[in-house]
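Following: one structure in structure tokens, then a few remarks.
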Amino acid sequence: MQFDPKPPPYSTADPTSFAYPTARERWPIIITQAIDDAYRTVAACDDAEKQEEGKKIVAELVQLKYEVQHDRALTPLRDDGYPDVAGYNKELEQLGSITWLKAPWLFTECYLFRRMSTSFTLSTHWKSYDVFARQKIKTFRSSRPAVLELAARYKDLISQVRSSTNAPDPEADRLLFTEMCEVCLWGNATDLSLLTSLTYEDIQRLQGSEARRKAENNILVNDLPQVYAHLLAAKNDPAKGGKERRVDIVLDNAGFELYVDLILAGYLLSAGLATTVVLHPKSIPWFVSDVLPADFAALLNALANPRGFYEQATEEDVLQGRTPEKLSDKEVAELGFLFQEWSRFHAEGQLVLRPNRVWTGPGSYWRLPAEAKDVVEDLKTGELVVFKGDLNYRKLVGDVTWDPTTPFTEAIGPLGPGSGLNVLALRTCKADVVVGLKPGEDERLRQTEGGGDDSGARKWAWSGKWAVVSFSKGS
Ligand code: F6P
Ligand code: MG
């Protein structure tokens, strides 16, 4: 497309790309899960008209799954009243008659979720139904141990941050910033065991420890020192005294990842590294687990009433004869502290939620300056834009076959130096594309166990085990 990077995009037809098993195995599973969810809600529905409509939606999802599995052509999206339909259909037309299993990965995957959403938005009774909400909340509930551990640490940490303004310790402050960002980063991986402790003492103690070294070694590019210097310079800049210093976070997943995003946001505000944090969620159910505004509300509700959330047996608990463990009074108090902090920031306008359909468009963020000028202008007024997760990274670099040693600043094209945007990507690798690596690093990682060897596939980059933290200064 007109504004996209030059190298060819990853394709669902390429057997060496993660796009290949994604399209053939993972998409049918995702659609099946959506069908199961909708079916369950339809079956429990007591409004006959709504139930009929629900059955029609289920039938449409079944049809979609058939089309994917039988490699049918992608058809134009039906007009559901939202302006992004025209862009999707224009691009589809320009791509020619593409079929599901021989198509550019990024466009087709975005189209898949946008197409599912039309079935709901075109209905009367199901317009705002989130077919992935059950999965999101279930996953969040199952991350209970890590949630509780972080809640306990957060309280200590925030009091220490507040008291540290009296007796400054620049090295401890820097370590804490790094730690908070790394917790936020690993929240994007499925492996929660990488989380490390968060108090000042623990940070010191853990520095050099096996666990921390291991996690840090898995960060292939780590630009956090530059990011910290940048935010600190803004904080100490007399010209900015009393003015807003904003950090934007383009969110990725709900549940545990949103929880660690809020931990980072709360820390930045408490440490004075930002005066406002703007969170950018999606507007439609997206890539299964992405945050919708309702997920933010659900998370705060869970924190407001932790006993109701964690101690009440779910349908599944009942089926499996499980009784959820009770929370201690201390745990309830620690979760309550988070609720008070975050809801106060939210009520006072320091923590803002700003959905926009630009985040669920079909293509790369190379297009933003031309196609969403207002959004880019708005982001420019902040100090930093954090892009969370794999998909945001794919969109930043266009999901094309870059040489992995290409500098990040080059691979993000018009959002790079000179754009006025300070971009930070916090990404655990769950797709093929990667940039900013040292020469020879990709080759080395391919030789690690399960890394792809000489298969031609960059398998090491598919599992979320490795990460990249890349920064581009816009000035
Ligand atoms: O696992 C692959 C994948 O589904 C990609 O298609 C997509 O980029 C990514 O995962 C979603 O991950 P994240 O939630 O980190 O953006
Ligand atoms: Mg996601």
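Read the numbers this way: they start at 1 and go in the same order the structure lists the ligands and their atoms. All values derive from a computational prediction rather than experimental measurement.
A tilted orientation is assigned to the rings of Phe140 and Tyr310, their planes being inclined by 30° to 60°. Taking the six-membered ring where the residue is Trp, Tyr365 and Phe387 present tilted rings, their angle falling between 30° and 60°. Ring geometry for Phe113 against Phe287 counts as parallel: the plane angle stays under 30°, on a 0 to 90° scale with 60° as the upper cut. Under the 30°/60° scheme for interplanar angles, the aromatic rings of His230 and Phe471 are found to be tilted. Ring-plane geometry between Tyr129 and Phe120 is classed as parallel, the angle between the planes falling under 30 degrees on a 0 to 90 degree scale with a further cut at 60.
Short contacts between ligand 1 and Asn253, defined as distances under 4.0 Å to a heavy atom of the residue, involve ligand atoms 14 (O).
Scanning all protein heavy atoms for the shortest distance to atom 9 (C) of ligand 1 gives Asp390 OD2, 3.6 Å. Protein heavy atom closest to atom 16 (O) of ligand 1, with residue, atom name and distance, is Leu391 N, 2.8 Å.
A salt bridge links Asp317 to Arg141: one of the charged nitrogens lies within less than 4.0 Å of a carboxylate oxygen. Taking a cutoff of 4.0 Å between a charged side-chain nitrogen and a carboxylate oxygen, Arg367 and Glu91 qualify as a salt bridge. Residues Arg114 and Glu109 are not paired through a salt bridge, judged by the lack of any N-O separation under 4.0 Å between the basic side chain and the carboxylate.
Residue contacts with ligand 1 include Phe18, since one or more of its heavy atoms lies under 4.0 Å from the ligand. Taking a 4.0 Å cut-off on heavy atoms, Glu257 fails to register as neighbouring ligand 1. Trp105 counts as a contact of ligand 1, since one of its heavy atoms falls under 4.0 Å from the ligand. Not a single heavy atom of Thr22 lies less than 4.0 angstrom from ligand 1.
Taking distances strictly below 2.8 Å, the protein N/O/S atoms close to the Mg ion (ligand 2) are Asp252 OD1, Asn253 OD1, Asp290 OD1.
Ring centroids of Trp342 and Tyr259 are separated by less than 6.0 Å, placing the two rings close together.
Note: no N/O pair closer than 3.5 Å links Asn392 and ligand 1 by distance alone.
Contacts between Asn188 and ligand 1 below 4.0 angstrom, taking non-hydrogen atoms only, involve the side chain exclusively. Residue-level proximity to ligand 1 for Asp252 is carried by the side chain, the only part with a heavy atom below 4.0 angstrom. Contacts of Glu109 with ligand 1, taken as heavy-atom pairs under 4.0 Å, involve the side chain alone.
By the side chain to side chain contact (heavy atoms under 4.5 Å, CB included) test, Ser343 is found to be paired with Phe339, residues two or more places apart in sequence or in another chain being considered.
If you check each of Arg394, Lys388, Arg26 against atom 5 (C) of ligand 1, the one with the closest non-hydrogen atom is Arg394.
Minimum heavy-atom separation, Trp186 to Gly464: CZ3-O, 3.8 Å.
The CG atom of Leu122 lies 9.0 Å from the CD1 atom of Ile57; values are rounded to the nearest 0.5 Å.
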